[in-house]
*Asks:* 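Have a look at this one.
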Amino acid sequence: MKNPEITQSHKDVVERQMQRLALRNPSWRIKGTDFKKLYPYLAVQKITFLQDDEIWELLQWTDFHETGKQEELLDAYLILDQGDEIELKLFQFKFRDNYAGGVSTKELYAFVDRMNRVFLRADLQDEATLEAFVEIRQAVEEARKSNPKAKRIRIQCFFVVNGQDVSRTDQGKVDEIRNIYAQDRQTYGFTFETYGIHKLYDLITQGRVPIASEMIEMLTDRSPEPFLLHDIGKNPNGMPLKVAVGFVNVNQFTRLVDRYSNNELFEMNVRYFLGAGREVNRRIIETITSDRSPWFGFMNNGVSITAEKIVVDRPSSGGKMRIHLENPQIINGCQTVNALYHAKYSKELKDRFQGNSSVMVRIYEIDKENRAFLDALIIATNSQNAIRPQDLLSNDPIQKVLQRTMGSYGVGYERKAGEDLPARLGHKSILSKEDAAAAYIGIIEGTPSKLRNSLSRREFFSRGDDYYRVFALIEPENDEKPEDAARRISEETELDAIGRRRCLEILIAWILREECGKRIAAETDKKKKGALRKATYFLGWLISLAVQDKIVALLDKHQQNPANPSVKEAFEQLAQHACTAWFDKSVEQFHKTQKAFIKQHGGNEDSTLKNTRFVELLADNWPDKK
C-alpha cells in the first residue's frame, strides 16, 4: 500500500505556517518565502513544542552550508534542560522545493548509527570521527555542569524531510533499526523518530500526530466481573459513546511508552512527565519497587484514556480482555506510566520492579464532535483546579479580549498557534500569547531568569496564579483574587484604562525584545551571537530601566485613549531610540556582571541566567536604573 499523497492543501498549510513564523519574528531576518530556511525551524518547533524565541536561541547549526564546518551526517542540535535530565536533540534535515522524495532507510540508519556511536560509545571511536563533534560534546558538558541535579543525558535523533515519511513497505526495516537500539532506548533514553510532511501537517492542524491503533489487555481473572463495559451509544446528553473500566498489567504501559518515545501518547495531557524526583512520582516508584506492589492498583489514581473507537474482544482462556483502540490518548496518568517505565529500566531500580502489578484504567470512546465533554474530562480527571490546558486557554475570554484590543493597535494577536487572522485587518506584526507572556515576565516584571526554564514556560498556561497575574485586564475589587476578577471578563468586555495599560505594557515589552533581536541578528560572530540570544530578555529589561521615565509617560498618555495603530508606531520609535542609545551599554553591563558573578559564585554562563541573584546584581549595578 502506498503512502498518502502529498496534496496542494498539505503544502499550502505548511507554507502558510512558515510565512507566519517569519512574520512573527522579523528580527530573524528570514524572508517569508525562504521555505528552505524556515522549514527546519517550523519542524523543530512543532516536534518540541518550544516557543519562537526558544527555537531561535537553542537550535544550533552544525551543517557545513550554515557554519562552514563539516559535521558528519548532522545538520543541527538542540540542548534542553528538563530538570532531572538533559535532552540532546540531534537533527538531520532533507528539503526539496518540489516536496519530492522521502525518508531513506539507508540514510536513516547511517544517521542513527553514527549518533549512537559518537554520543554513547565515544570511547570506541577514533579521534578523527570525534573531532567533528567537539563543539556539541562541549556544549553538553556545559549543560551538565549548569545542572548537576540532572541524572542523565537523553539523546533523541530526528530525521526530518519535507516529502514522504517512511513508506509502508519500509516500515519493517525501521522496526529492525529500533530493535537494534532497544536496549539503549531503555537504558539511556536513546531514541530516533522520522518526520515527513504528513506528520508536520498533523502537528499543525491537530497539535499531535494521531496514533492509528493500539491494543491493551484488561485482566478478567477468567471471569468478566472485574471488567465493566458501559455501551452508551449515541445520546443527546453529550456523554461518551462507550466506557470500559478495569485493571491492566503495568507492563502494558511500559510497552507503550517504549514504543512512542516522543510523547505521542500524551499530546492531550495537561503536562508531560515531570521527572522521577517529584514527590508524587517518587511515591509511585517506591510502591512499585517494594513489597507493597500488590497494593499499587488500589493506591494509584489510575490511567484515563480516550479513543475515537473502542472494540472489545471476548476474554481469552488466559483471563484477558483485548481492547482495540483507534487514535488513543492518555489524558490522565502521564506521571504514572512514565514513573513505571523509569522504575522498570532504571539501573538502580530495575531488579526491584514488580511486573506482576496492575493499575486501574478507564477508557472513553468519544465522538469527534463532542469537544465540550473531552475538554471537561481532561480537567476533571487531572483533579487540579489551577490547571487549564493551553488549548482551552486559547478560548478564554481574556485571550479573546486581548486579540480584539491588540488588533486595534495594529497587531495580530494569536490566541491559537497558527490560527488564520482575518486578512482584511492587514496586520503587519504578529504576536502570540506565549510571546506576550514572556515579554511581560522578562521585561516589565524584570524576572528574565524565570524564562530560562523551558519546563516552567510550557507550564505557564496551566498554572492559574502566573497566568492571571500577567493577563490582569481588570483590577480586583477589595480582597478579590486575580482569578476571581478575571471571571468577570466576557468576550464583549471593553477595557478601561487599567486593561489598556496592561495591553500597552505587553506591547512595549514585545517591541523592545524585537528591537534587541534585530541588533543581535546583525552580529557576525557565531559564538557572540549565541550568547546574546540567551541574553535577549535581560538586555531588553536593562534598556527598559534606562528609559523607564519615557515608557511610563507614553503608557500614561495612551492608556486613557482608545486603541489605534499610531500607538504602536510611537512605541517602535521609542524602542529604536532606546536601543540606539543603550543596547551596547547594556551588553557591556551584562557581560561585566556575569563575569563577576561567575568569579564569585562559580557555575557557568547558563547557570547564571537561571539565578535570581544575578538579576538583582544586574539591576544594582546598572547606573541608569530609574
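These figures come from a predicted structure and were not determined experimentally.
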*Asks:* Go through the structure and list residues passing side-chain hydrogen bond (donor to acceptor under 3.5 Å, both in side chains) with Glu326, not counting sequence neighbours.
*Replies:* none
*Asks:* Give a yes or no on this: more than 12 heavy atoms of other residues, nucleotides or ligands lie within 6.0 Å of atom CZ of Phe95.
*Replies:* yes
*Asks:* Under the 3.5 angstrom rule, does the side chain of Asn300 hit a backbone N or O of Phe296 as a donor-acceptor pair?
*Replies:* no
*Asks:* Check for a donor-acceptor pair, side chain of Ser357 on one end and backbone N or O of Ser293 on the other, with a separation under 3.5 Å.
*Replies:* yes
*Asks:* Do Leu377 and Ile331 make a side-chain contact, defined as non-hydrogen atoms from C-beta onward lying under 4.5 Å apart?
*Replies:* yes
*Asks:* Main chain of Ala150, side chain of Arg144: is a donor-acceptor contact present, judged purely on distance under 3.5 Å?
*Replies:* no
*Asks:* Side chains of Arg154 and Tyr188: do they bring a donor and an acceptor to under 3.5 Å?
*Replies:* no
*Asks:* If only atom types and distance count, is the side chain of Asn179 paired as donor or acceptor with the main-chain N or O of Asp175 below 3.5 Å?
*Replies:* yes
*Asks:* Within the side chain of Asn249, is there an N or O that forms a donor-acceptor pair under 3.5 Å with the backbone of Gly355?
*Replies:* yes
*Asks:* Can a side-chain donor-acceptor contact be found between Gln329 and Thr306 if the only test is distance below 3.5 angstrom?
*Replies:* no
*Asks:* Indicate whether the side chain of Asn251 and that of Lys344 have a donor and an acceptor atom separated by less than 3.5 Å.
*Replies:* yes
*Asks:* Give a yes or no on whether Lys528 atom NZ has more than 12 heavy-atom contacts from other residues, nucleotides or ligands under 6.0 Å away.
*Replies:* no
*Asks:* Whether the side chain of Ser146 engages the backbone of Ala143 through a donor-acceptor N/O pair (distance < 3.5 Å, no angle test) should be reported.
*Replies:* yes
*Asks:* Under 3.5 Å, is there a donor on one side chain and an acceptor on the other for Tyr260 and Glu214?
*Replies:* yes
*Asks:* Side chain to side chain contact (heavy atoms under 4.5 Å, CB included) with Ala535: which residues, sequence neighbours excluded?
*Replies:* Leu539, Phe590
*Asks:* For Ile441, is there any backbone N or O sitting under 3.5 Å from a side-chain donor or acceptor partner on Thr447?
*Replies:* yes
*Asks:* Side chains of Lys94 and Gln92: donor-acceptor distance under 3.5 Å anywhere?
*Replies:* yes
*Asks:* List in chain and number order the residues that pass ring pair (Phe, Tyr, Trp, His ring centres under 6.0 Å) with Tyr201, two or more places apart in sequence or in another chain; answer none if no residue qualifies.
*Replies:* His10
*Asks:* How about CG on Asp606, more than 12 heavy atoms from neighbouring residues, nucleotides or ligands closer than 6.0 Å, or not?
*Replies:* yes
*Asks:* Can you say whether the rings of Tyr41 and Trp28 are parallel (under 30°), tilted (30 to 60°) or perpendicular (over 60°)?
*Replies:* tilted
*Asks:* Is any side-chain N of the basic residue among Asp525 and Lys529 closer than 4.0 Å to the acidic one's carboxylate O?
*Replies:* no
*Asks:* Taking the side chain from Lys46 and the backbone from Asp202, do they hold a donor-acceptor pair closer than 3.5 Å?
*Replies:* no
*Asks:* Judged by atom type as modelled, is there a donor-acceptor pair below 3.5 Å linking the side chain of Gln164 to the main-chain atoms of Val161?
*Replies:* no
*Asks:* For the CD atom on Glu605, are there more than 12 heavy atoms of other groups (residues, nucleotides or ligands in this structure) within a distance under 6.0 Å?
*Replies:* no
*Asks:* Using atom types as modelled and distance alone, determine if a side-chain donor or acceptor of Asn604 lies under 3.5 Å from a backbone N or O of Glu142.
*Replies:* yes
*Asks:* Centre-to-centre under 6.0 Å for Trp61 and Tyr77, is that the case here?
*Replies:* no
*Asks:* Considering residues at least two apart in sequence or located in another chain, which fulfil the salt bridge (charged side-chain N to carboxylate O under 4.0 Å, His left out) criterion with Arg185?
*Replies:* Asp258
*Asks:* Any heavy-atom pair between the side chains of Leu130 and Val118 that's under 4.5 Å?
*Replies:* yes
*Asks:* Scan residues 284-302 for pairs that pass salt bridge (charged side-chain N to carboxylate O under 4.0 Å, His left out), counting only residues two or more places apart or in two chains.
*Replies:* none
*Asks:* Of all residues at least two apart in sequence or in a different chain, which pass the ring pair (Phe, Tyr, Trp, His ring centres under 6.0 Å) check with Phe91?
*Replies:* Phe93, Phe158
*Asks:* Do the ring centers of Phe247 and Phe298 come within less than 6.0 Å of each other?
*Replies:* yes
